[in-house]
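Chain naming here is simple, since letters A, B, ... match the order of the sequence lines and numbering starts at 1 in each. All values below come from the heavy atoms of this structure, side chains included, with hydrogens, waters and symmetry mates left out. Remember, predicted model here, so these are calculated numbers, not experimental data.
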There are 2 protein chains.
Amino acid sequence: MAVKIKDVAQRAGVSVTSVSRVLNGEKYVSEDILQRVQKAIEELQYSPSHIARSLKRQKTDLIGVIVPDLTSNFYSTILSSIEETATYYGYNLLVCNIAEDLEKELKYLNIFREMRVDGIIIMHEKSSPELLSFIQNSGIPILYSSVKSPDPDFVSVIIDDYQAAFQTVEYLVSLGHSRIAYIGGDMRDITSGQYRYEGFRAGLLRHGITPNEAWIRFGDYKIPSGREQMSELLQLSEWPTVVFAASDDMAVGALNCMLDQGLDVPKEMSLIGFDGSIIAEVVRPALTSMQQPIREMGKVSLETLHEMIMRPGKAVRKDLILSHQLVERESCLPLSTNKTN
Amino acid sequence: MAVKIKDVAQRAGVSVTSVSRVLNGEKYVSEDILQRVQKAIEELQYSPSHIARSLKRQKTDLIGVIVPDLTSNFYSTILSSIEETATYYGYNLLVCNIAEDLEKELKYLNIFREMRVDGIIIMHEKSSPELLSFIQNSGIPILYSSVKSPDPDFVSVIIDDYQAAFQTVEYLVSLGHSRIAYIGGDMRDITSGQYRYEGFRAGLLRHGITPNEAWIRFGDYKIPSGREQMSELLQLSEWPTVVFAASDDMAVGALNCMLDQGLDVPKEMSLIGFDGSIIAEVVRPALTSMQQPIREMGKVSLETLHEMIMRPGKAVRKDLILSHQLVERESCLPLSTNKTN
DNA sequence: GTGAAAGCGCTAACAC
DNA sequence: GTGTTAGCGCTTTCAC
């Protein structure tokens, strides 16, 4: 890796400036020099140093991405979409899986700053004073994707979680259900998870249903927690007729718990998920789910961040709300009137 | 982001060297200077430039990772494990999802080189002359993870795919099966997929079973292709009693096809997967599968690459073979003697 | 059109 | 123990 721009210049018999010009596709280079430089680059197998270039340009084409869980169907799909769009815009992704570890998140945010990334995308909704202070003072364009930013002044690309949850309940009610259980995400922070929960409650209230607190439980959005919460739910003497899980992964965990206990889903109990990730189509019965526009979310996130990077002054709408959509599959049935339960 | 080492030095009333020494935790700094520098760093909110440091040190702490599909259960889990280990060793991950696009892979490999990454991990088994030439000439430590490298001189962290497939067949035979179908990965390249396939054939032959070519099909390791291949299999007049899929994702696709056609799995037809990824435990019936040590594979990959980076001269064993293990779940039943089929 | 030279922010001889 | 200074490999005025 010893060959540098100077070597190319010597080989081609021109100045480093000319080589640089060729490298950057500028005009004001004669056909003759262009040819000689290209030949020298080829012969020397020259690969320009992005590091040196970044130092000079004060721009790295790097975007740092913080994912809570790479193995989640939801996040890996957003990430995949972000990656696709990033490639298109000439960015490279520095990715960090923080596994719910706020300290690791802060550590990585600082590394991103040292790396002088051009922008940061965060998909994690937990927060802390240090984290808040970082996003407020770093000077780096930061965007929250799929979750609401802890500071309302920062831009978030999300769906209207409140409305989506509210409408999910309306759908369930329209099917005749009134005994509705809820398995939510973590409630410790004021973000998407909370809007979802509030939407759920509001939906119930809107239809004159008093929430049964024993049927309201919280997991961590992942498969095992859905299973655990469902298991506890089934130990109750009174059962709901439908379970609303705030993520498809939790819905799958719940589904497996039900199936393994011999319950017929959806005949004996219905189930509805949230996210519309791949797994909803994969399990049997396929999950009816409130779908987020996952890939679009990734694309819009990167494009918006790109805007923020290119026009530092220009204001961007704080919340970019994308549209959700209920997708009916097999896990949710109208409540049959002859149900004993 | 204007504050640099010089500013810190001025503020603390010392030389830049001293600041650099503090930054790098060297000794030969008096307690007094240490204090003053730390105070200045704090007050100025100084964040050292990793870019400038990399340029000087000729080391970036960056590792480029090429993943064929971020949304795959198998690859996202390896990636997650690589990430975890990378954090431990102080590396950052530049990730690229190449979506089976060889041109994109080559493009990214060149970007990795321009970025001066310290090493590269590739999890894609397709190859081309240009790609081969790159890995042979780049001068960057490169390691293949979970797939066999196209050039035998490069190190691969893998299982013994041939043996694993062979033993899978032995297991099936021990259950009484002899009508065994196979859904493999892509056969266009001489890598893991091929060893799996050869192991399968050898297993059959070893037990005096003549392979039925109509029951041998190839997909692309992903869910939809498992479904497609299964669908065609079911259109045949003669059916196998068990299907061996070379990835869990394809097995899930096949499973859904069977289930959706009203087949009872495993009573009417058994199914066995390969990989041991999360999804095998998630579907119902849960998939019996030949399990790869996925997380260990990621960990060993990064640790080996780290070794290669630290000791450039030292030879590393070309193939690091990890152990596989058959995990019995619900999708595979002994062939009942009273089967009509 | 082309080139010389300054400088991006840091580290590491080397001198004191 | 501490500071001066020469680069790391590139881009970009500015002068020719």
Side-chain angles (χ1 to χ4, degrees), chain A residues 1-38 40-41 44-62 110-118 139-140, chain B residues 1-38 40-41 44-62 110-118 139-140:
Chain A
M1 196 53 60
V3 30
K4 43 197 147 196
I5 200 170
K6 205 176 157 190
D7 303 318
V8 176
Q10 279 174 357
R11 176 86 165 211
V14 300
S15 73
V16 293
T17 312
S18 291
V19 178
S20 174
R21 286 194 178 113
V22 171
L23 252 29
N24 295 294
E26 287 171 33
K27 33 205 237 175
Y28 304 126
V29 255
S30 63
E31 188 59 27
D32 174 44
I33 287 196
L34 180 67
Q35 301 273 323
R36 272 152 61 202
V37 169
Q38 282 175 341
I41 288 176
L44 264 29
Q45 296 237 55
Y46 171 66
S47 167
S49 163
H50 192 93
I51 298 295
R53 181 177 281 176
S54 296
L55 181 60
K56 186 66 196 180
R57 286 195 185 155
Q58 301 290 71
K59 184 171 188 324
T60 54
D61 305 325
L62 244 33
N110 277 306
I111 291 179
F112 285 168
R113 176 153 64 156
E114 295 188 355
M115 290 278 190
R116 303 294 190 260
V117 298
D118 294 342
I140 305 171
Chain B
M1 195 55 59
V3 30
K4 43 197 149 197
I5 201 170
K6 205 175 157 190
D7 303 320
V8 177
Q10 280 174 357
R11 176 84 167 214
V14 299
S15 74
V16 292
T17 313
S18 292
V19 179
S20 175
R21 286 195 179 114
V22 171
L23 251 29
N24 296 295
E26 288 171 32
K27 32 205 238 177
Y28 304 126
V29 257
S30 64
E31 189 58 28
D32 175 44
I33 286 196
L34 180 68
Q35 301 272 323
R36 271 152 61 202
V37 169
Q38 283 175 339
I41 288 176
L44 263 30
Q45 296 237 54
Y46 171 65
S47 167
S49 163
H50 191 93
I51 298 295
R53 180 177 284 176
S54 296
L55 180 60
K56 184 67 198 179
R57 286 195 187 158
Q58 301 290 69
K59 184 171 187 328
T60 55
D61 306 325
L62 244 34
N110 277 306
I111 291 178
F112 286 168
R113 175 152 66 155
E114 295 188 356
M115 290 278 189
R116 301 296 189 258
V117 297
D118 293 342
I140 306 171

To the nearest Å, how far apart are [X] [atom1] and [N] [atom2]?
{"X": "B:Arg57", "N": "C:dA13", "atom1": "CZ", "atom2": "P", "answer": "13 Å"}
{"X": "A:Gln35", "N": "C:dT2", "atom1": "CD", "atom2": "C1'", "answer": "17 Å"}
{"X": "A:Arg53", "N": "D:dT12", "atom1": "CZ", "atom2": "P", "answer": "10 Å"}
{"X": "A:Met115", "N": "C:dG9", "atom1": "CE", "atom2": "P", "answer": "18 Å"}
{"X": "B:Arg113", "N": "D:dG9", "atom1": "CZ", "atom2": "P", "answer": "15 Å"}
{"X": "A:Arg36", "N": "C:dG1", "atom1": "CZ", "atom2": "C1'", "answer": "12 Å"}
{"X": "B:Lys56", "N": "C:dG7", "atom1": "NZ", "atom2": "C1'", "answer": "14 Å"}
{"X": "B:Ile5", "N": "C:dC10", "atom1": "CD1", "atom2": "C1'", "answer": "6 Å"}

A:Arg36 side-chain N/O to A:Gly13 backbone N/O, donor-acceptor pair under 3.5 Å: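 Yes: the side chain of A:Arg36 pairs with the backbone of A:Gly13.
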Which residues share a side chain to side chain donor-acceptor pair (under 3.5 Å) with B:Lys6, sequence neighbours left out: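 Per chain and number, B:Lys6 pairs via side chain to side chain donor-acceptor pair (under 3.5 Å) with no residue.
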Sole candidate of A:Ile140, A:Asp61, A:Leu62 that passes side-chain contact (heavy atoms from CB on, under 4.5 Å) when paired with A:Asp118: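 Among the candidates, only A:Asp61 passes.
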Contact under 4.0 Å: A:Gln58 side-chain N or O vs C:dG9 OP1/OP2: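 It does, given that an N or O in the side chain of A:Gln58 lies less than 4.0 Å from OP1 or OP2 of C:dG9.
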Residues in contact with DNA chain D, drawn from residues 13-32 of chain A - heavy-atom cutoff 4.0 Å: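 Contacting residues: A:Thr17, A:Ser20, A:Asn24.
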Calculate, to the nearest 0.5 Å, the distance between atoms [atom1] and [atom2] belonging to [X] and [Y] respectively.
{"X": "A:Asn24", "Y": "A:Arg53", "atom1": "CG", "atom2": "CZ", "result": "5.0 Å"}
{"X": "A:Gln38", "Y": "A:Leu23", "atom1": "CD", "atom2": "CG", "result": "10.0 Å"}
{"X": "B:Ser54", "Y": "A:Glu114", "atom1": "OG", "atom2": "CD", "result": "10.0 Å"}
{"X": "B:Ile51", "Y": "A:His50", "atom1": "CD1", "atom2": "NE2", "result": "7.0 Å"}
{"X": "A:Arg116", "Y": "B:Ser49", "atom1": "CZ", "atom2": "OG", "result": "4.5 Å"}

Bend angle of the helix from C:dG1-D:dC16 to C:dC16-D:dG1, end axes from five pairs each (to 10°):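 If I round to tens, the end axes sit 40° apart.
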B:Lys56/A:Leu55 under side chain to side chain contact (heavy atoms under 4.5 Å, CB included): CA gap, chis, key distance, verdict: CA-CA 11 Å; B:Lys56 184 67 198 179; A:Leu55 181 60; over 6 Å; no
Touch class at under 4.0 angstrom, heavy-atom based, for A:Ile33 against every strand present: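 A:Ile33: backbone/sugar contact only, no base atoms under 4.0 Å.
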